[in-house]
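As a basis for the values below, the full set of heavy atoms in this structure was taken, side chains included, without hydrogen atoms, waters or symmetry mates. Just so you know, these numbers come straight off a predicted model, no measurement behind them.
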Amino acid sequence: MTSLPSSGVSVGAELEQKPHHPEIAPTQEAQLTSPVKSEETTQNSNEKKTLATRTWFKIGVAALLISLVALYLLRNVLLGTPTKAYAATSGELVQTVVASGRVISPQRVTVALQGSGRVTRIAVAEGQTVELGQLLIELDNSDSRASLAQANAVVSQAQAKLRQIAELSQPMALQALAQAQADALRARKTLARNRDLVAQGFVSQAAVDDAQRAVDVAVSQVTSTQAQVKTNTAGGSDAMLAEAALRQAVAGAQLARAKLDQGQVLAPSSGILISRNVEVGDIVQPGKALMVLAVSGQTQILIQIDEKNLSKIALAQKAYCSADAFASQRFEAVVAYINPGVDATRGSVEVKLNVPNPPPSYLRQDMTVSVDIETARRAAAVVIPSNTVEDATTDKPWVLVVRDKRAVKQFITLGLRGDTRVEVLAGLTAGEGIIPVSKTGVKEGQRVRATLTEDPPKLGQDITTAGPPLR
């Protein structure tokens, strides 16, 4: 119990003894406390500097980000809205109307027979070229040949009768007339002499009466022979009957010849036999189609164009054609016919093109052909895409053109118009950028940054589709 207070006193004594050495105690205390405080102060100062640096760095970064965001948001205002623009191009412009059609011949002839019979010969094959009048089909014609021979005999008989009149009957009638006229003259002289004798009293009246009767008979004989002469001369009844018999005989012979000819089918014109539907031994009937002949002549191409392109088509326009089966080989044609009517169900117009003779050897009947009709050509035209023109159907079409980095509304004058491109006659120059309003949404007067690109279609050709619309 006593030790604890002692201990406590001693501690207190030590503490109370420190002030008794003032020159030593503060120095020792300073030596004990100054390094710690200095270290703490330095550390605090560094921390404050670091904190300030971080703060200013964050502020700088934030300000930079804000500036970047502001610049990004204002980039279109400062630099202009980026947009796509088509460059107005200059060069030769060819406007064409495109269509497809088929090869046709000027005429197709269906070969048939007027009579009936058994086929004994076929003189041509499919695909063969035939000439006018060439034998195609022959039937059994033995009956027709016999009929023709009989008719020719009747003609010969009628001709002989006509010669008989001219060589025999007519001369005999003339001789009989001369004899009758002589007899009549002699009878008149006898009558005159008898009348004188009666007056002198040498003969009786009976002699005069006999002479008068002889004169009457002679005159009657003259009249009869005159009628015979007239009937045997040209225009007389016998001559006319003989001529009529001859004509009838000739007609009978012609009928027999026609029936014989009906047993032979001849080519009605030159051409190519494109189909055949008969064989040797077949029994054919009148009117049955046996062959089809494509007549030689002007080869044509028949196409159907949309009626909206009718104003672009004219006679004598040049066209470039290629058969689908020979697409790499092109040949020329010329517009030769435009149908005055329009197919109301299809909204199309029929057009025919002439192919120069001789046509390409590979062309076949009904072959499918692609046609490009050249409707207009410009040597140096300013051309822009059709989708860049606003109010194109009005009197004042316009476009947005890039000038001084701004979208400027410019009224233009249009020339040739196609589905993809149009010609500009006034208002634009080649190289200027045209902004498609419907695709970009750029407004008039807006600042823009345009990226120029050429019109996708190939320069120098503007294609207008021409097939009839689907309905």
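For the pair T388 (side chain) and P436 (backbone), a donor-acceptor distance under 3.5 Å is absent. Checking side-chain atoms of Q150 against main-chain N and O of S147 turns up no donor-acceptor pair under 3.5 Å. Distance alone, capped at 3.5 Å, places no donor-acceptor pair between the E444 side chain and the L400 backbone. Proximity of a side-chain donor or acceptor of E423 to a complementary backbone N or O of G415 within less than 3.5 Å is not detected. For the pair D343 (side chain) and T345 (backbone), a donor-acceptor distance under 3.5 Å is present.
Within the 4.5 Å cutoff, the side chain of T375 has heavy atoms near those of the I313 side chain. In this structure the side chain of I137 reaches within 4.5 angstrom of the side chain of V278, judged on heavy atoms. Looking at V371 and L353, their side chains come closer than 4.5 Å, going by heavy atoms from C-beta outward. Taking the side chain as every heavy atom from C-beta outward, V94 and E374 approach each other to under 4.5 Å. A 4.5 Å side-chain heavy-atom check between I301 and F331 finds at least one atom pair inside the cut-off. Side chains of P359 and N357 form a contact here, defined as non-hydrogen atoms less than 4.5 Å apart. I384 has its side chain out of reach of R421: every pair of non-hydrogen atoms, C-beta onward, lies at least 4.5 Å apart.
To the nearest 0.5 Å, atom CG of residue L428 and atom OG of residue S90 are 12.0 Å apart. If you take CD on E307 and OG on S348, they are separated by 8.0 Å, rounding to the nearest 0.5 Å. Between the CZ atom of R346 and the CG atom of D306 there is a distance of 10.0 Å, given to the nearest 0.5 Å. To the nearest 0.5 Å, atoms CG (L290) and CD (Q285) are separated by 10.5 Å. In this structure, E350 CD and I338 CD1 are separated by 11.5 Å, a value rounded to the nearest 0.5 Å. Rounding to the nearest 0.5 angstrom, the gap separating the OG1 atom in T413 from the NZ atom in K396 is 11.0 Å.
Around atom CD of Q248, no more than 12 heavy atoms belonging to other residues, nucleotides or ligands sit under 6.0 Å away. The 12-atom threshold is exceeded at CD of Q128, counting heavy atoms of other residues, nucleotides or ligands nearer than 6.0 Å.
A salt bridge (charged side-chain N to carboxylate O under 4.0 Å, His left out) check over residues 314-342, counting only residues at least two apart or in different chains, returns the pairs R330-D372. The stretch residues 349-371 participates, sequence neighbours left out, in these ring-ring contact (aromatic ring centres under 6.0 Å, His included) pairs: F326-Y362. Listed by first and then second residue, the salt bridge (charged side-chain N to carboxylate O under 4.0 Å, His left out) pairs involving residues 275-297 are R276-E279 (not counting sequence neighbours).
Across all non-hydrogen atoms, the minimal contact from C321 to A333 is SG-CB, 3.7 Å. Closest approach of L293 and P268 over heavy atoms only: CD2-CD, 4.0 Å.
Partners of R364 by salt bridge (Lys or Arg N to Asp or Glu O under 4.0 Å), not counting sequence neighbours: none found. Judged as a salt bridge (Lys or Arg N to Asp or Glu O under 4.0 Å), and not counting sequence neighbours, the contacts of R102 are D366. With sequence neighbours excluded, the residues satisfying side-chain contact (heavy atoms from CB on, under 4.5 Å) with L246 are V155, A158, Q159, L162, V250.
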Decide yes or no on side-chain contact (heavy atoms from CB on, under 4.5 Å) for V119 and E138, but give the supporting numbers first.
CA-CA 6 Å; V119 178; E138 187 174 12; over 6 Å; no

Working note: V369 + V103, criterion side-chain contact (heavy atoms from CB on, under 4.5 Å); need CA distance, chi angles, decisive distance, verdict.
CA-CA 7 Å; V369 178; V103 177; 3.6 Å; yes

Under the side-chain contact (heavy atoms from CB on, under 4.5 Å) criterion, do Q95 and K312 qualify, and how do the steps go?
CA-CA 9 Å; Q95 185 183 55; K312 302 174 184 177; 4.2 Å; yes

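Just one of V124, L266, V265, T129 meets the side chain to side chain contact (heavy atoms under 4.5 Å, CB included) condition when paired with Q134; it is V124.
Donor-acceptor pairing under 3.5 Å is recorded for the side chains of R403 and Q410.
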